[in-house]
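Encoded as structure tokens, the structure appears first; notes follow it.
Numbered from 1 within each chain, the chains take letters A, B, ... in sequence-line order.
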Amino acid sequence: MTDLLASLNDAQRRAVTCTDGPLLVLAGAGTGKTRVITVRAAHLMQQGVAPEQILMVTFTNKAAREMQERLCSLAGAAANQATVGTFHRFCMRLIREHAAALDLPPGFGICDSSDQLSAVKGALRELRIAETAVDPRAAQSKISLFKNALISSEQAMDQAEDDWDIMVARCYTKYEEHLRRHRMLDFDDFLLFALRLLEEKEELRKQIAARYRYVMVDEYQDTNAPQYRIVRALVQDHRNLCVVGDDDQSIYAWRGADVRRILDFEKDFPGAENVRLETNYRSTAEILDAANKVIRNNPKRHDKELISALGAGSTVSVMGMEDEDHEASFVAGEIRYQVESQEERYGDFAILCRTGQQPRAFEAELRSAGIPYRLVGGTSFFDRKEVRDVLAYLRLLANPADESAFLRIANTPPRGIGKGSLDRVVERATELGDTAWRAFRSMVDAGEISGAPARGFTALREILNQAHVVLQEGDLPRLIQEVLALTNYRAEIERIYGDHETQELRWNGVLEVVDFAASFQRKNKKGDLASFLQELSLSTDERDKEEDSGDQVTLMTLHAAKGLEFRRVYLVGLEEGILPHKRAAAEGGVEEERRLMYVGITRAQQDLTITFCGSRTRFGKLQPCHPSRFLFELKEKTPPEGWLATDAPSVVQEAVPVPRNTKKKRPARRPGSRL
DNA sequence: TGTGTCCGAGACGAA
DNA sequence: CTCGGACACA
């Protein structure tokens, strides 16, 4: 404990010891940002601050987990009493604790992204707007953006400039009605309701703010409007706020983050101290050189250059591949070679990509090469059909108003309730402003629905009634077992999936939900069903955690990689259309894409290899593609005329070197491509 | 009502 | 290619 400060450089030490009042730490990638924030918390504890008074907020579960672990290793088990978590989780707990003050039902349901989409579709249907006129996905993300910019549906209506805007604003209104009617909150609501609590209930704000005397915010460049105001409300009495961030790593503008927040910090909190961390302890000079060359093409930024404390290393390689299969087998071959020659462990490697579907090719290749890997993010455990089915039963039990849960399980397993009846039920429910469940019941009672669907409804009601009895016991794992038994879900799995192996796999997924519930109840003695579901909605797959100790290659998106570091990094798919991503570029977001590239480069400690493909399978067809403009920036060259146009000039194909890879031997490395 | 099949659109990122 | 939605049948 005593030498907490000894291992820090001057700037870091200043950041750690400046404990009171507002403090801005501008920390470039790899300059010990997490180290500073955790040592700072440990230092506070050493100074006599109780851990319960410390609040540390991050953006991802992964960052929160890592911070908690590092804090514990610095300050011991007492550090578990500190509040460390994501904004969303922190807010969700606040809301739950003060549900009454917010007029929220205690067992409010969570509207996850697929429910959001159904809600938007429902709103469009109600408004008689064709999905061809307004793409539900576009509307949904626009609504989310509104909410994260604290723009109400009335304001959205006022500022609408064309028909599309108006339709989306009306959809926004309906969407909100839909959520309230079904006692649901979406992810954005966590922030908004917490903010309402803090800004409208002064007594409660005082009480909550007094609990956290020292507040630290990680990745401050990613805060959006509600997050900023939540923080402001929490610290306004004591102003003990430390924010850490890097404008060059702002990659969440699409979620409403506003880089200006970090640039304006000193304006928002007058008299703030300011510390800059510029010595990079993570990467070699070559890697930082590459990072600097790319990021300096962004016009609006704090001028800063990372300086390597490690010195020179090996050259950053840029490799052209024929297609994504070759790319994958090249990377797999290299990793295997280096591990077999005992240069590295699997755990030292990361493969970073821009989109969530790129990992597919890599997964297949790594598996067939017998290389252990873990895929971070991606289609999560909670998106699996069988898991969603089981959770839908639980959601309906916790919140009978949960329409999408009801629609999901109404006929799963099949019990004679077809699409026709469900459509009528939903129609009626919308008409009456009532829940689908109650509408169904009244229609059955009135004889408007009879025969098979009515019998099915009775059967379903019986299942839920019995489950409800078990629910009263408060034993979640047992409740889930009961639901599985009542629905005969095992048989349903066997009915759907032909082969035995798949059946086992799916059933295991179901059993894992039981395990989740068991471990939730071990941790929260009085945890009820609603809070279990609420917590679950914010969980990424916690099973990663256990496997973390294993020696595995990490496969993930750039967004998921922020804050992490690996000895050897493969940054893959560096093509126009992927990085920068086509859609992001079209929306004028090339600068943010460049920051993503910067984030990717700066994850590497010792060795960085960048790959791109000459062609790539899209929509089942092989399509030519050409190297990213960022590769030209890396080489300090200008892309040829017409580079950024949709179709590639034929010259491109020749300019792309395509080294082939043989699996067993180490592939020839070609430092630098001939761009 | 349940099941099968065809068709067309499609994919950015996280909590 | 791969999923969801629409449609045709039993």
[X] near the nucleic acid: base, sugar-phosphate alone, or nothing, with a heavy-atom cut-off under 4.0 Å?
X       : value
F87(A)  : nothing
N411(A) : sugar-phosphate
R255(A) : base
G418(A) : sugar-phosphate
R495(A) : sugar-phosphate
F190(A) : nothing

* To do: Would you indicate whether K419(A), at its atom NZ, is surrounded by more than 12 heavy atoms from other residues, nucleotides or ligands within a distance under 6.0 Å?
  => no
* Could you please spell out the steps behind the side-chain contact (heavy atoms from CB on, under 4.5 Å) verdict for I351(A) and T554(A)? => CA-CA 6 Å; I351(A) 303 169; T554(A) 303; over 6 Å; no
Round to the nearest Å and state the distance from [X] atom [atom1] to [N] atom [atom2].
X       : N       : atom1 : atom2 : value
F619(A) : dA11(B) : CZ    : P     : 7 Å
D222(A) : dA14(B) : CG    : P     : 13 Å
R65(A)  : dA15(B) : CZ    : P     : 10 Å
L185(A) : dA15(B) : CG    : P     : 19 Å
L407(A) : dG4(C)  : CG    : P     : 15 Å
R618(A) : dG8(B)  : CZ    : P     : 21 Å
D218(A) : dA14(B) : CG    : P     : 17 Å
E593(A) : dC12(B) : CD    : P     : 11 Å

Report the nucleotide, chosen from [options], that has the shortest atom-to-atom distance to any side-chain atom of [X].
X       : options                  : value
A560(A) : dA15(B), dT3(B), dA14(B) : dA14(B)
R360(A) : dG2(B), dA14(B), dT2(C)  : dT2(C)
Q357(A) : dA11(B), dT3(B), dA15(B) : dA11(B)
D188(A) : dA15(B), dT3(B), dA11(B) : dA15(B)

* Structure fact -> Heavy atoms of A99(A) and P106(A) approach each other most closely as CB-CA, 4.3 Å
* Asked: Of the non-hydrogen atoms in L533(A) and I110(A), which two are nearest, and what is the gap between them?
  ->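 In this case the closest contact between L533(A) and I110(A) is O-CG1, 4.4 Å.
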I want to check one thing: is the phosphate of [N], taken as OP1 and OP2, less than 4.0 Å away from some side-chain N or O of [X]?
X       : N       : answer
R354(A) : dC12(B) : no
H88(A)  : dA15(B) : no
S421(A) : dT1(B)  : yes
K121(A) : dG5(C)  : yes
T557(A) : dA14(B) : yes

* Whole-Å C1' distance, dC3(C) and dA14(B) ->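 dC3(C) and dA14(B) have their C1' atoms separated by 22 Å.
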* Using the C1' atom as the reference point in each nucleotide, state the distance between dC12(B) and dG5(C) in Å, no decimals. =>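 My reading of the C1' atoms in dC12(B) and dG5(C) gives 24 Å.
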* **Pair N298(A), R594(A): side-chain N/O donor-acceptor within cut-off below 3.5 Å** => yes
